[in-house]
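Written below as structure tokens is the structure these notes are about.
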Amino acid sequence: MLIDFHTHIFPEHIAERSVAALLAGIRREQGDAYCESNTLIYRPATLDGLLDLMQKSGVDRSICLPIATKPSQTETINRYAEQVRSAQALSFGTVHPADPDWERVLCSLAERGFRGIKLHPQFQQSYIDSPESIRIIKKCEQLGLLVMFHAGSDIGLPPPLYATPERIAHVLTETDGSHMIAAHLGGWDMWDDVERYLVGTPILMDTAFIWKFLAPEQCLRMIRNHGADKILFGSDSPWEDPADTLRYLRSLGLTAEELDQITYQNALRILGENASA
Ligand SMILES: [Zn+2]
């Protein structure tokens, strides 16, 4: 079984516009050449597009991660996310740290059966160790919601960096972090700092959008030192083909048991499902 814990989809009518805006950001920050060689977008970036890519790359289930960049978008996005709930694809919800209604939003998501939320400190311009983010993270812990969040740099957004490994470590003084998932192996393009501040803590990490950027030796060392029981397979589809992510992970020299943990067992455990399924 293969579970992809990090994917993005958009409703049909805004998918192309949303992808174009994200690509424009990457072009602005990194230049044309970088954008062309590092951002392979699988279109359409919709639920149908995702299901198609999953079938081609052998993914059985995907977790979709929506992001509200303004508090006013929250309810519309969560209503859409609620519809994405099938055997193959499941969506987390979203909340904006600056939303005065954040607590009601989280309680509502928990009541509606969501398994977790996605925060994007960079897009939402909210430091992961700010009081606004920490109160959300602690409330999610109480409600049994997972908190997935973008960590490290972002190729399409300028500094400051809102969720560095050091800032994430500050959060771990307020909560044990076992319900938190730091995307991009703890901090995109900040992996030395991940080793310094986060490896060995209870926090979970995913493998999204790392295979072109992180040296295999360092990746293997990080997974072994952190614990393969806290690593989740994630591709960041449509920005990456899950088959490429899997090929990279298989090339690292992990044991079959470690690969099973990463590719589906850990996901089933944190979703509260039976690992023998
Ligand atoms: Zn992502």
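Start at 1 and go down the list; that is how both ligands and their atoms are numbered. What you see is a predicted model, and the numbers here were worked out from it, not measured in a lab.
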Using atom types as modelled, flag every donor-acceptor pair under 3.5 Å from a side chain in residues 151-162 to any protein atom, sequence neighbours excluded.
{"from": "Asp154", "atom 1": "OD1", "to": "Gly156", "atom 2": "N", "distance (Å)": "2.8"}
{"from": "Asp154", "atom 1": "OD2", "to": "His120", "atom 2": "NE2", "distance (Å)": "3.4"}

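Using a 4.5 Å heavy-atom threshold, the side chains of Met180 and Ile137 count as touching.
Counting only protein atoms, the N, O or S atoms lying less than 2.8 Å from the Zn ion (ligand 1) are His6 NE2, His8 NE2, Asp236 OD1, ordered by chain and residue number.
A side-chain donor-acceptor contact under 3.5 Å links Glu141 and Thr175. Remark: the His184 side chain and the Asp206 side chain contain no N/O donor-acceptor pair separated by less than 3.5 Å.
With rounding to the nearest 0.5 angstrom, the CG atom of Asp189 is 5.0 Å from the CH2 atom of Trp191.
Cation-pi geometry between Arg61 and Phe5 is not met: the NZ or CZ atom fails to fall both under 6.0 Å from the ring centre and inside 45° of the normal.
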